[in-house]
Amino acid sequence: MATTDLYNAEFMDHVSHPDYKYELEDADCTHEGVNPSCGDELAFSVRFAEDGTIGEAAFTGHGCAISQASADIMSDLMIGKTPEQARELCALFMRMVRGEETDEERLEELEDGVLLRDIAHMPARVKCAELAWRTLDEMLAGREGQEA
Amino acid sequence: MATTDLYNAEFMDHVSHPDYKYELEDADCTHEGVNPSCGDELAFSVRFAEDGTIGEAAFTGHGCAISQASADIMSDLMIGKTPEQARELCALFMRMVRGEETDEERLEELEDGVLLRDIAHMPARVKCAELAWRTLDEMLAGREGQEA
Amino acid sequence: MDIEKNPYRADFPLLAGHPDIAFLDSAATAQRPAAVLDAQRRFYETMNANPLRGLYSLSVEATAAIAAVRAQVAELIGAPDARDVVFTRNTSESLNLVAKSFSPAVLKPGDEVAITVMEHHSNLIPWQQACRAAGARLVYLYPQQDGTLTDEEIAAKVGPRTKIVACAHVSNVMGCELPVRRLADAVHAHGGHLVVDAAQSVPHMPVDVAALGADFLAFSGHKALGPMGVGVLWGRHELLDAMEPMLTGGEMIDSVREQDATWAPVPEKFEAGTQDAAGIYATGAALAYLTETVGYAAVAEREAALVAYAWERLAGLGFVDLIGPADPARHHGVISFNVRGVHPHDVASILDASGVCIRAGHHCAQPLLAWLGVENLACCRASLAFYNDKSDVDRLVDGLTQVWGIFHGND
Amino acid sequence: MDIEKNPYRADFPLLAGHPDIAFLDSAATAQRPAAVLDAQRRFYETMNANPLRGLYSLSVEATAAIAAVRAQVAELIGAPDARDVVFTRNTSESLNLVAKSFSPAVLKPGDEVAITVMEHHSNLIPWQQACRAAGARLVYLYPQQDGTLTDEEIAAKVGPRTKIVACAHVSNVMGCELPVRRLADAVHAHGGHLVVDAAQSVPHMPVDVAALGADFLAFSGHKALGPMGVGVLWGRHELLDAMEPMLTGGEMIDSVREQDATWAPVPEKFEAGTQDAAGIYATGAALAYLTETVGYAAVAEREAALVAYAWERLAGLGFVDLIGPADPARHHGVISFNVRGVHPHDVASILDASGVCIRAGHHCAQPLLAWLGVENLACCRASLAFYNDKSDVDRLVDGLTQVWGIFHGND
Ligand SMILES: Cc1ncc(COP(=O)(O)O)c(C=O)c1O
Ligand SMILES: Cc1ncc(COP(=O)(O)O)c(C=O)c1O
């Protein structure tokens with residue numbers, strides 16, 4: 001079983017010392033996500049750069065290690081990405097944790113996100129891993145809707 | 001299995017040629033019994049002799065062979081019995097078909113009633129066999145109540 | 001189709017272990033192949049845990065096993081989305097759920113629910129109750145004596161006031177298929193909804209919710225080779241989504257506070273408390289055996305041959321009154337009849353003595369038997385499955401001859 | 001009591017077949033001894049038929065088998081009459097049945113239902129619903145932090161307006177017994193009724209409805225070594241007799257006409273449709289194993305020793321916060337706790353990797369966890385049964401040490 005592999009030093013570093021867990025003062029967008037059945041709560045904030053890419057990303061909230069590490073990893077990955085690229089990465093991540101995408105090369109795009117690959121064998125934890133990505137994806141989808 | 005033994009010539013004679021299935025004109029008491037789940041319906045009538053014993057007994061209605069034969073057998077048995085004796089026989093019969101009484105000697109009191117002894121192995125038919133006896137017992141219990 | 005040979009009997013432990021039994025009561029509950037009993041046991045031996053809430057592997061496996069059967073059922077009945085398959089205890093509970101949780105939202109005083117007089121009590125009393133609660137009227141469609149529902153009858157009974165039509169796909173007494181599609185079109189034309197009781201069709205024929213035009217569909221696993229204790233309710237997603245749960249408690253919530261609670265999404269919303277996960281898993285094995293190991297084509301061919309043979313032999317006896325369509329091809333496994341002048345309970349008891357198991361009584365269809373004018377509100381029913389063979393029918397016929405002899409031998 | 005030895009493990013196929021697993025989630029669902037799995041299979045292999053309506057021997061045997069288990073359950077819980085034992089799917093359905101079919105007759109606007117904040121959602125949401133429907137108030141009894149319900153609290157909350165008190169016999173989170181008898185006396189003094197949720201007590205201790213003063217009592221077979229899919233509701237006869245059925249359909253009627261129906265007597269009135277006869281039969285085998293093969297005395301002694309050992313070891317870890325009574329003797333198999341600073345879901349996932357099965361989450365008791373002020377509204381729960389042994393506890397402790405190491409190893 002791969003569970004203890006999941007909770008390895010690299011992963012735990014995102015939990016214990018998250019780089020992106022703080023209140024983003026001048027956020028352009030903030031969006032909240034919850035997993036009612038787990039009690040996980042997350043608020044994800046983004047500031048866009050002038051070229052429209054994500055300039056800064058941060059989150060607050062509480063939850064299990066998986067949801068926290070996942071949020072930290074995602075924040076790091078998203079900086080410099082256009083909203084379209086970001087949403088594609090969200091989709092890719094969700095396919096990975098549901099076991100629908102296993103192609104190593106494609107998964108490399110997720111950078112540290114692959115630390116959560118074993119979630120595919122832990123269906124009960126998929127929701128925890130997805131929370132941040134689902135929240136970001138909803139935020140960006142909402143923004144597209146507004147602009148259109 | 002004893003079922004076909006049950007439907008033997010003696011038993012079938014009570015079904016095909018019942019002696020007591022007729023409308024009793026000058027009845028002292030008539031009481032109706034039904035088995036709602038089977039659709040069996042029976043009306044049992046009694047005329048008392050001057051000494052208080054059952055002088056004449058008859059029934060009408062419809063139902064399965066077991067309920068019909070049982071009514072005919074019971075009618076025959078009851079003639080000349082006091083109400084108390086009749087109720088005791090009803091109780092004995094019900095104990096027999098429920099398998100609670102197996103003592104041959106006691107059961108002999110039921111005369112042709114013992115033809116229905118195998119009902120004890122056919123729990124689904126107990127209600128059919130009991131219908132007449134339950135009806136008579138209720139009638140006599142009601143009469144006691146009135147007199148008291 | 002060679003109905004002397006029986007390639008299936010050996011798969012069914014009860015039948016294999018009781019060569020003396022002719023089991024002709026599959027419409028009440030089917031026999032189970034060893035594959036189903038093995039699956040049920042395997043669940044308890046290898047993944048026994050309470051599904052849904054556990055985070056450890058056993059529980060996760062149990063959850064995945066149930067999800068797989070949900071998907072399998074969805075595919076079986078042509079449901080577009082496995083989430084809309086709700087597990088219940090039996091058809092009765094499924095139909096109660098619709099009557100209790102869907103009706104209140106659509107039934108107003110003066111509205112009508114239309115059902116056929118051929119319905120099983122489980123697709124009848126819940127509508128009596130729903131109509132009473134809403135002040136609506138329960139309207140009956142009556143077939144011809146052979147079970148046919150005419151277009152005129154449908155047009156006369158399904159109209160603008162009809163909010164719900166509920167009908168059996170196959171009658172458990174008449175044995176015939178009902179014109180579900182025509183009922184669907186009729187009720188949909190007026191903006192109403194169709195509830196299909198597929199308890200007697202799923203064991204015998206492919207069922208497709210889209211082709212039938214069903215808005216809800218119910219069936220029981222135990223009549224389709226599965227274990228007792230598992231039923232299915234499928235419903236159109238937006239209808240299920242808008243419904244309140246019938247039962248509340250563990251596993252069906254999103255969050256609970258002291259004075260209020262919010263519900264989990266469909267289907268969990270309707271599955272309060274610990275489900276029979278092992279039974280659901282074994283139901284998957286049953287449906288796989290039915291549709292893959294045997295296959296509906298073989299089921300239909302074999303059952304048609306058995307029914308045709310039985311029909312001919314019963315009709316030939318001369319003292320048996322057959323009920324339902326005159327054409328045996330219209331009977332899906334079910335043949336109801338009476339032995340002239342003999343109470344069905346006596347028929348069943350005498351047949352039992354020679355190991356022939358049929359059912360006798362009202363078959364949970366008292367209004368139908370009253371309408372048919374059957375004496376004693378009762379009849380006999382022999383119901384066949386693909387695991388029966390010619391010898392079962394022959395033993396039935398011999399038994400009936402014996403019954404006749406006992407009752408009329410000295411006439 | 002030698003908890004190193006385990007004379008029971010071999011009786012449980014899942015445990016015997018998985019020496020790598022420490023199963024500590026029996027409060028969710030128990031493991032089943034082979035005797036239970038054998039019984040379930042035996043039913044299908046030797047008397048499989050739809051009970052109640054059949055007249056042939058198989059069906060009669062099935063009916064008799066169910067009647068025997070009804071009598072067995074009545075004896076188990078000290079019920080004076082087996083007829084008052086209703087079979088349901090699970091505790092949740094049993095409690096819904098009381099809330100839906102009994103409440104309407106006794107609850108008027110302004111009346112009160114009192115429950116404890118320790119209730120499982122299945123003994124909580126149905127009362128929210130019943131109160132809403134009746135315009136009644138749902139009142140909570142709050143224990144002390146250790147689970148104790150004081151006489152003052154009972155006197156303050158149970159009064160002349162209280163028509164129903166519903167409470168768990170043993171809490172599935174705190175692990176302690178509730179003062180059921182005192183609650184019975186309090187509510188009876190005002191003419192109200194007591195509903196007991198015995199889901200967590202029947203697996204561990206003798207339960208007697210008269211001694212408890214219960215008017216209704218519910219439990220699940222699957223937590224007491226039985227198969228999933230069978231629950232029990234016992235009620236006082238005159239109360240059951242006066243209640244309307246919750247579900248209607250086949251097998252629960254006396255007679256049905258097109259526009260109305262009359263009900264069969266208790267208990268059939270409450271058992272619509274085909275029941276899980278095989279499951280009920282196997283539940284009989286489970287209760288026989290529990291109370292005769294093992295016996296409540298042995299169960300209690302062994303569980304007490306296991307809990308005491310586990311309590312001491314967990315307390316000794318220094319980073320585990322234990323929930324509920326400080327005295328392990330008051331815990332009936334259940335130990336809830338948190339690892340300081342670690343989310344319970346992570347604890348469960350990491351333990352799972354070494355084959356230790358515990359449960360983490362809200363345990364269907366969100367109001368309790370909110371009231372306890374537990375972070376994330378979640379905790380871990382290890383629940384023990386007599387078939388556990390010292391090694392299971394040791395593995396739990398090793399696993400928790402590993403969890404602590406992962407989360408705080410480099411602090
Ligand atoms: C105290 C208590 N009540 C009720 C239940 C519900 O039992 P079931 O899921 O079998 O309906 C449980 C078990 O989860 C429980 O622990
Ligand atoms: C047509 C029909 N509907 C409903 C039912 C009820 O099924 P269950 O007893 O499994 O709820 C039956 C079977 O008895 C049936 O034949």
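Below, read A as the first sequence line, B as the second, and so on, with proteins coming before strands; counting in each chain starts at 1.
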_chain C interface, residue from D:L124, D:V356, D:V230, D:N96 that has the most non-hydrogen pairs under 4.5 Å_ = D:N96
*Please flag which part of D:V117 lies under 4.5 Å from any non-hydrogen atom of chain C: side chain, backbone, both or neither.*
side chain
_Audit row: C:R89, D:D276, side-chain contact (heavy atoms from CB on, under 4.5 Å) steps and yes/no_ = CA-CA 8 Å; C:R89 177 175 40 227; D:D276 182 1; 5.7 Å; no
*For the residue pair C:H362 and D:V256, establish whether any side-chain heavy-atom pair is separated by less than 4.5 Å.*
no
*asked:* Does any backbone or side-chain atom of D:Q40 lie under 4.5 Å from a heavy atom of chain C? Answer side chain, backbone, both or neither.
replied: side chain
*asked:* I want to check something: taking the side chain as every heavy atom from C-beta on, are C:D352 and D:V60 in contact at a cut-off of under 4.5 Å?
replied: no
*asked:* Would the distance check show the side chain of C:N90 and the main-chain N or O of D:Q275 forming a donor-acceptor pair, the cut-off being under 3.5 Å?
replied: no
*Step by step, work out the side-chain contact (heavy atoms from CB on, under 4.5 Å) result for D:M47 and C:L14.*
CA-CA 8 Å; D:M47 51 185 139; C:L14 184 134; 5.9 Å; no
_Donor-acceptor contact below 3.5 Å, side chain D:Y44 vs main chain C:L37_ = no
*When only pairs under 4.5 Å are counted, which of C:L247, C:T46, C:I21 shares the most heavy-atom pairs with chain D?*
C:L247
_Max heavy-atom pair count under 4.5 Å with chain C, selected residue of D:C131, D:P367, D:A272_ = D:P367
*asked:* Can you tell me which portion of C:L138 sits under 4.5 Å from chain D's heavy atoms? Options are side chain, backbone, both or neither.
replied: both
_Region of D:D260 that comes under 4.5 Å of a non-hydrogen atom in chain C_ = both
*Side chain from CB out, backbone as N, CA, C, O: work out which of these in C:L15 comes under 4.5 Å of a heavy atom of chain D, or both, or neither.*
neither
*Atom OG of C:S92 and atom CD of D:E271: how far apart are they, to the nearest 0.5 Å?*
12.0 Å
*What is the minimum heavy-atom distance between D:G250 and C:C364, and which atoms define it?*
CA-SG, 3.9 Å
*Let me know if D:R132 has heavy atoms under 4.5 Å from chain C in its side chain, its backbone, both or neither.*
side chain
*Kindly give the heavy-atom pair with the smallest separation between D:D254 and C:Q366, and that separation in Å.*
O-NE2, 3.9 Å
*Using modelled atom types only, decide if a donor and an acceptor are shared between the side chain of D:E45 and the backbone of C:P13 within a distance under 3.5 Å.*
no
*Can you tell which of C:L377, C:V36, C:L368, C:T248 has the highest number of heavy-atom pairs within less than 4.5 Å of chain D?*
C:T248
*Name the member of C:F12, C:Y142, C:W371 that forms the most heavy-atom pairs with chain D at distances under 4.5 Å.*
C:Y142
_How long is the straight-line distance from CG of C:L58 back to NE2 of D:H18, given to the nearest 0.5 Å?_
6.5 Å
*Considering only heavy atoms and a distance below 4.5 Å, find which of D:H120, D:H363, D:M246, D:E119 pairs most often with chain C.*
D:M246
*asked:* At a 4.5 Å cut-off on heavy atoms, which part of C:A34 comes close to chain D: side chain, backbone, both, or neither?
replied: both
_Using heavy-atom distances under 4.5 Å, tell me whether D:S255 contacts chain C through its side chain, its backbone, both, or neither._
both
*Between the main-chain N or O of C:R257 and the side-chain N or O of D:Q128, is there a donor-acceptor pair closer than 3.5 Å?*
yes
*Heavy-atom proximity to chain D below 4.5 Å, by part of C:A261*: both
*Using the test salt bridge (charged side-chain N to carboxylate O under 4.0 Å, His left out), find all partners of D:R395 that sit at least two apart in sequence or belong to another chain.*
none
*Of all of D:A365, D:P227, D:A278, which one pairs up most often with chain C through heavy atoms under 4.5 Å apart?*
D:P227
*Side chain from CB out, backbone as N, CA, C, O: work out which of these in D:Q129 comes under 4.5 Å of a heavy atom of chain C, or both, or neither.*
side chain
*Looking at D:I125, D:I115, D:L351, which makes the most heavy-atom pairs under 4.5 Å with chain C?*
D:I125
*Tell me, side chain or backbone of C:T91 under 4.5 Å from chain D's heavy atoms, or both, or neither?*
neither
*For D:Q259, check side-chain hydrogen bond (donor to acceptor under 3.5 Å, both in side chains) against everything at least two apart and list the hits.*
none
